[in-house]
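In this text the structure is predicted, and so the values were computed from the model without any measurement.
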Amino acid sequence: MASLLEMKEIFRNADAVCFDVDSTVIREEGIDELAKFCGVGDAVAEMTRRAMGGSVTFKAALTARLGLIRPSYEQVQKLISDNPPQLTPGIRELVSRLHQRGVQVFLVSGGFQSIVEHVALQLNIPTANVFANRLKFYFNGEYAGFDETQPTSESGGKGKVITHLKEQFHFKKVVMIGDGATDMEACPPADCFIGFGGNVVRKQVKEKAKWYITHFDELLKELEER
């Protein structure tokens, strides 16, 4: 296992940095915001709590929550325009600095492609660097399920995305940053995991992550020192 000093070295020399989105790059949990917007916030929040406890698989929890929300195409677009995701302080500067250093930045999320792409646009991250779940709609715009072939729709999916990125781009050092257990589980294949607690503190992640931060300024400083 890498020491904290070794992890900092990996971060400074990373070819690619992958960020979780909900409660990391943005302040909210996208699925909970969508549920509130569609009038089933409390019921879905309770399901999210159960899912975080690990008593059900990620895909089962996602299926159940979306089955309750049943968002239409119009509702998803209205959520993005009326309540756009709020970027976490410091993320814009950190991504910009990584880009300046020639580091590839990816958004790897269990959230929804349309919302995550909106976030990517604000951070100048190409949409090709977004890995998230895709909602499906009928021709009339009604909810028709989600794309179950996406790796991010199941447990262990973020690790699969990182393996794919390493194979495709021959990255030597990949860093994963996020607030949740699914982010921590992606290391390995990620070479380093940085736990983030700036929006919400997950006890398990705080206790187990060797490198745990609460503000992105901590990572900016790390880059400025070299």
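Proximity of a side-chain donor or acceptor of Ser3 to a complementary backbone N or O of Glu6 within less than 3.5 Å is detected. Thr214 contributes no side-chain N or O that, together with a main-chain N or O of Gly197, makes up a donor-acceptor pair within less than 3.5 Å. No donor-acceptor pair under 3.5 Å is formed between the side chain of Ser96 and the backbone N or O of Arg92. In this structure, Asn83 contributes its side chain and Leu79 its backbone to no donor-acceptor pair below 3.5 Å.
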Worked check of salt bridge (charged side-chain N to carboxylate O under 4.0 Å, His left out) between Glu218 and Lys221: CA-CA 5 Å; Glu218 296 171 58; Lys221 285 197 191 92; over 6 Å; no
Under the salt bridge (charged side-chain N to carboxylate O under 4.0 Å, His left out) rule, what do Asp42 and Lys36 come out as? Steps first, then yes or no, please. CA-CA 8 Å; Asp42 290 345; Lys36 274 188 242 171; over 6 Å; no
Dump the intermediate steps for salt bridge (charged side-chain N to carboxylate O under 4.0 Å, His left out) on Asp147 and Lys136, then the final yes or no. CA-CA 7 Å; Asp147 182 355; Lys136 296 198 290 193; 5.6 Å; no
Evaluate Ser72 against Glu142 for side-chain hydrogen bond (donor to acceptor under 3.5 Å, both in side chains), listing each step before the verdict. CA-CA 5 Å; Ser72 67; Glu142 285 181 10; over 6 Å; no
Do Asn129 and Val105 pass the side-chain contact (heavy atoms from CB on, under 4.5 Å) test, and can you show the C-alpha distance, the side-chain angles, and the key distance before you say yes or no? CA-CA 7 Å; Asn129 288 18; Val105 178; 5.7 Å; no
What's the verdict on side-chain contact (heavy atoms from CB on, under 4.5 Å) for Ile26 and Gln86, showing C-alpha distance, side-chain angles and the deciding distance? CA-CA 5 Å; Ile26 63 173; Gln86 301 299 303; 5.8 Å; no
Checking Leu165 against Phe106 for the side-chain contact (heavy atoms from CB on, under 4.5 Å) test, could you report, in this order, the C-alpha distance in whole Å, the side-chain angles of both residues, the deciding distance, and whether it holds? CA-CA 10 Å; Leu165 293 176; Phe106 296 88; 3.6 Å; yes
Evaluate salt bridge (charged side-chain N to carboxylate O under 4.0 Å, His left out) for Glu222 paired with Arg12, printing each intermediate quantity in order. CA-CA 7 Å; Glu222 207 57 53; Arg12 283 195 295 266; 2.6 Å; yes
side-chain contact (heavy atoms from CB on, under 4.5 Å) assessment of Met176 paired with Ile194: CA-CA 6 Å; Met176 180 75 210; Ile194 303 170; over 6 Å; no
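Salt bridge absent: Lys172 and Asp191 never bring a charged side-chain N and a carboxylate O closer than 4.0 Å. Ion pairing of Arg97 with Glu224 is present here, as a side-chain N (NZ or NE/NH1/NH2) and a carboxylate O approach within less than 4.0 Å.
A distance of 10.0 Å separates CG in Leu223 from CD in Gln100, rounded to the nearest 0.5 Å. The structure places CD of Glu33 at 12.5 Å from CD1 of Ile80, a figure rounded to the nearest 0.5 Å. For the atom pair CZ of Arg27 and CG of Asp22, the computed distance is 14.0 Å after rounding to the nearest 0.5 Å.
The shortest side-chain heavy-atom distance between Ile177 and Leu219 falls under the 4.5 Å cut-off. Between Phe169 and Asp15, every side-chain heavy-atom pair lies at or beyond the 4.5 Å cut-off. At least one side-chain heavy atom of Asp20 sits less than 4.5 Å from a side-chain heavy atom of Lys158. Residues Phe37 and Lys78 are in side-chain contact: their nearest non-hydrogen atoms beyond the backbone lie under 4.5 Å apart. Residues Ser23 and Glu28 have side chains not in contact (no heavy-atom distance under 4.5 Å, counting atoms from C-beta outward). Between Arg70 and Leu66 the shortest side-chain heavy-atom distance does not fall below 4.5 Å. You'll find the side chain of Leu34 reaches within 4.5 Å of the side chain of Val76, heavy atoms only. Side-chain contact between Phe19 and Leu94: present, with at least one pair of heavy atoms (C-beta onward) separated by less than 4.5 Å.
The minimum heavy-atom distance linking Asp32 with Val44 is given by the pair OD1-CG1, 3.9 Å. When all heavy atoms of Ala14 and Val103 are compared, the pair lying nearest together is O-CG2, 3.6 Å. Closest approach of Lys173 to Asn13, counting heavy atoms only: CD-O, 4.0 Å. Pro189 and Gly159 get closest at one heavy-atom pair: CG-O, 3.2 Å. Nearest approach of Pro71 to Phe137, heavy atoms of both residues: O-CE2, 3.3 Å.
Counting heavy atoms of neighbouring residues, nucleotides and ligands inside a 6.0 Å radius, atom NZ of Lys59 exceeds 12 of them. In the displayed structure, Tyr138 atom OH is contacted under 6.0 Å by at most 12 heavy atoms of other residues, nucleotides or ligands. Under a cut-off of 6.0 angstrom, the local environment of CD in Glu74 is sparse, with at most 12 non-hydrogen atoms contributed by other residues, nucleotides or ligands.
Residues passing the side-chain contact (heavy atoms from CB on, under 4.5 Å) test with Ala43, sequence neighbours excluded: Leu68.
Residues in residues 190-213 take part in these ring pair (Phe, Tyr, Trp, His ring centres under 6.0 Å) pairs, two or more places apart or across chains: Phe11-Trp211, Phe196-Phe216.
No hydrogens or angles considered: a donor-acceptor pair under 3.5 Å links the side chains of Thr24 and Asp179.
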Output a table of donor-acceptor pairs, distance under 3.5 Å, between side-chain atoms of residues 107-124 and any protein atom two or more places apart or on a different chain; print 'none' if there are none.
unit_1, atom_1, unit_2, atom_2, d
Ser109, OG, Gly111, N, 2.7
Gln113, NE2, Glu117, OE2, 2.8

